[in-house]
Amino acid sequence: MQDTALSALITALPQPVLVVDAEGFVQAASPAALDLFGQRILGAQIRAHLRQPEVSAMLERVLAGKLEDSAGFILHSGSRETLWSLIARRSETGLIVLSFNDVSDLEAAEAQRRDFVANVSHELRSPLTVLSGFVETLQGPAGEDAETRREFLEIMAGQAARMSGLVADLLSLSRVEAVEKIRPRTPVSIDMVLKATLAALRPQIDAASIRLNYDVPEDLPDIPGDHDQLVQVFQNLIENGVKYGASGGRLDVSAILQPALPGFDGPAIRVSIRDYGEGIDPIFIPRLTERFYRVDKARSRDSGGTGLGLAIVKHILSRHRGRLIIRSAPGEGARFEAVLPCN
Ligand SMILES: Nc1ncnc2c1ncn2[C@@H]1O[C@H](COP(=O)(O)OP(=O)(O)O)[C@@H](O)[C@H]1O
Ligand SMILES: [Mg+2]
């Protein structure tokens, strides 16, 4: 290949690539490689620049004649750390091509997946432990006593319910994630969604002695959406208001049409669920939509919570090209707003 063709090729490469001669001196670098290592890499000895043991050992093997090899490479720049997979290939002429692939995102996704599996296992294990403990007790002499049996079976039913709640939330999370890229387009009335949700939650609202204020204009335009998923959104937000905000004795459910909002192309409906309970310390707010995140684990669990509700809410809203806004301060209740674009 001619020099101009070679340099055209190397300039066009989107990833960092270095060409090294048989002695280890850098002969050419793609623009991304220059970004990564700076201009001074040209003509420099590669051994001096890639000094991590795994990479050095790999380089020596290839410089000694091995045709192809690879190694992981960690690059520190400022406070950021990126992970690269480095592949080295030796050509017939003795030149060695080193190409770098950024695997930081892959690595992060992998770590997230591991965390998720560990969390799920942990969440399922505790009710299972309780269940098997009680089964064992009931198999012994304690099982003969009718009163004990009744009491234990009630606890066991509670633990089984907790496990099915968790499995149901996990399934709906994975279902939402599977269709997240496909925006739903059926016209949906927010007023009807909210009324259906509130009808289902009425018993819980009454049991917590919460006064409900409902303020939704009847002439709101329909929005493109998925009725059942939106019910799921407001079910969790209202249920949270009831569970964690009951001490305020009041819950406001309202909606307004906003002609313009930063970040939205056209009008949007802003639905607000406001409670007057204990509120949330602002330092926890950014983490609330993480899977399994709960400010007070024991309390969430006692009320049948899984910590997945707001993660599901966030995914459903993102599928609707909408947004979740959370505002709260300790002692002042919490306001959860779902903003949904009208077109
Ligand atoms: N209205 C609220 N007031 C105070 N804390 C809240 C409110 N809504 C949510 N939270 C906090 O956010 C956490 C996560 O909520 P969510 O994802 O719905 O999980 P769950 O309700 O299953 O615990 C809750 O455990 C609670 O600590
Ligand atoms: Mg919840």
Side-chain angles (χ1 to χ4, degrees), residues 109 111-134 154-180 193 196-198 200-205 207-208 210 226 228-247 251 273 275 277-281 283-320 322 324 326 328 334 336-338:
Q112 226 176 27
R113 197 192 59 79
R114 280 193 300 266
D115 267 9
F116 182 65
V117 172
N119 272 321
V120 171
S121 317
H122 177 78
E123 295 290 333
L124 281 171
R125 189 161 54 198
S126 26
L128 262 179
T129 309
V130 177
L131 271 178
S132 26
F134 280 104
E154 201 169 298
I155 299 173
M156 290 164 73
Q159 296 299 314
R162 194 174 136 199
M163 289 171 67
S164 12
L166 180 63
V167 171
D169 276 0
L170 285 169
L171 282 175
S172 70
L173 190 61
S174 85
R175 255 189 311 242
V176 178
E177 278 184 322
V179 294
E180 190 165 352
V193 166
T197 312
L198 286 167
L201 291 175
R202 194 82 241 180
Q204 258 169 278
I205 297 173
I210 288 172
D226 178 319
D228 293 351
Q229 286 196 341
L230 290 172
V231 166
Q232 235 181 312
V233 165
F234 295 112
Q235 191 154 357
N236 186 59
L237 294 181
I238 295 170
E239 208 173 21
N240 281 351
V242 173
K243 285 193 313 196
Y244 309 113
S247 61
L251 190 71
I273 315 292
D275 68 64
E278 295 150 41
I280 308 156
D281 192 317
I283 59 164
F284 300 125
I285 292 182
R287 301 202 55 190
L288 293 184
T289 55
E290 283 174 24
R291 296 157 173 192
F292 296 113
Y293 188 81
R294 288 163 287 197
V295 177
D296 182 342
K297 263 205 163 144
R299 172 141 175 239
S300 154
R301 238 177 239 150
D302 291 345
S303 55
T306 60
L308 292 174
L310 290 174
I312 296 173
V313 165
K314 188 175 132 185
H315 282 290
I316 296 180
L317 291 179
S318 124
R319 186 180 176 217
H320 284 77
L324 179 69
I326 309 173
S328 183
F336 286 75
E337 285 179 317

Measuring from atom [atom1] of [X] to atom [atom2] of [Y], what distance do you get when rounded to the nearest 0.5 angstrom?
X: Leu317; Y: Leu237; atom1: CG; atom2: CG; answer: 7.5 Å
X: Glu180; Y: His315; atom1: CD; atom2: NE2; answer: 5.5 Å
X: Ser164; Y: Leu171; atom1: OG; atom2: CG; answer: 11.0 Å
X: Glu290; Y: Phe284; atom1: CD; atom2: CZ; answer: 12.0 Å
X: Ser328; Y: Glu278; atom1: OG; atom2: CD; answer: 10.0 Å
X: Leu124; Y: Leu166; atom1: CG; atom2: CG; answer: 5.0 Å

CD (Gln204) with more than 12 external heavy atoms under 6.0 Å
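Yes, CD of Gln204 has more than 12 neighbouring heavy atoms, counting only those of other groups under 6.0 Å.
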Can you check whether [X] reaches [Y] side chain to side chain, under 4.5 Å on heavy atoms?
X: Phe234; Y: Leu198; answer: no
X: Tyr244; Y: Ser300; answer: yes
X: Gln229; Y: Val179; answer: yes
X: Leu173; Y: Arg291; answer: yes

Run the side chain to side chain contact (heavy atoms under 4.5 Å, CB included) check on Phe116 and Leu170 step by step: do they pass?
CA-CA 11 Å; Phe116 182 65; Leu170 285 169; 3.6 Å; yes
What closest approach, in Å, do [X] and [Y] show between heavy atoms, and which atom pair accounts for it?
X: Gly305; Y: Arg294; answer: O-NH1, 3.6 Å
X: Ala208; Y: Val242; answer: CB-CG1, 4.0 Å
X: Arg299; Y: Lys243; answer: NH2-O, 3.4 Å

Verdict with reasoning, Tyr293 to Asn119, per side chain to side chain contact (heavy atoms under 4.5 Å, CB included)
CA-CA 10 Å; Tyr293 188 81; Asn119 272 321; over 6 Å; no
Between Glu123 and Thr306, a side-chain donor and acceptor under 3.5 Å
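No.
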With Lys314 via side chain to side chain contact (heavy atoms under 4.5 Å, CB included) - residues at least two apart:
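Lys314 satisfies side chain to side chain contact (heavy atoms under 4.5 Å, CB included) with Thr289 once adjacent residues are dropped.
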Would you check, one step at a time, whether the test side chain to side chain contact (heavy atoms under 4.5 Å, CB included) holds for Val233 with Thr197?
CA-CA 9 Å; Val233 165; Thr197 312; over 6 Å; no
Set of residues satisfying side-chain hydrogen bond (donor to acceptor under 3.5 Å, both in side chains) with respect to Ser172, sequence neighbours excluded
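Testing Ser172 for side-chain hydrogen bond (donor to acceptor under 3.5 Å, both in side chains), a comparison that skips the adjacent residues, returns Gln232.
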Run the side-chain hydrogen bond (donor to acceptor under 3.5 Å, both in side chains) test against Arg175 and tell me which residues pass, sequence neighbours left out.
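With sequence neighbours excluded, Arg175 shows a side-chain hydrogen bond (donor to acceptor under 3.5 Å, both in side chains) to no residue whatsoever.
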Looking at Ile312, Leu310, Asp169, which hits side-chain contact (heavy atoms from CB on, under 4.5 Å) with Asn236?
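It is Leu310, the one option of Ile312, Leu310, Asp169 that forms the side-chain contact (heavy atoms from CB on, under 4.5 Å) with Asn236.
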Please check if the side chain of Asp275 supplies one atom and the backbone of Ala334 the other of a donor-acceptor pair under 3.5 Å.
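A pair under 3.5 Å: yes.
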Pair Ile316-Asp226, side chain to side chain contact (heavy atoms under 4.5 Å, CB included): steps then yes or no
CA-CA 9 Å; Ile316 296 180; Asp226 178 319; over 6 Å; no
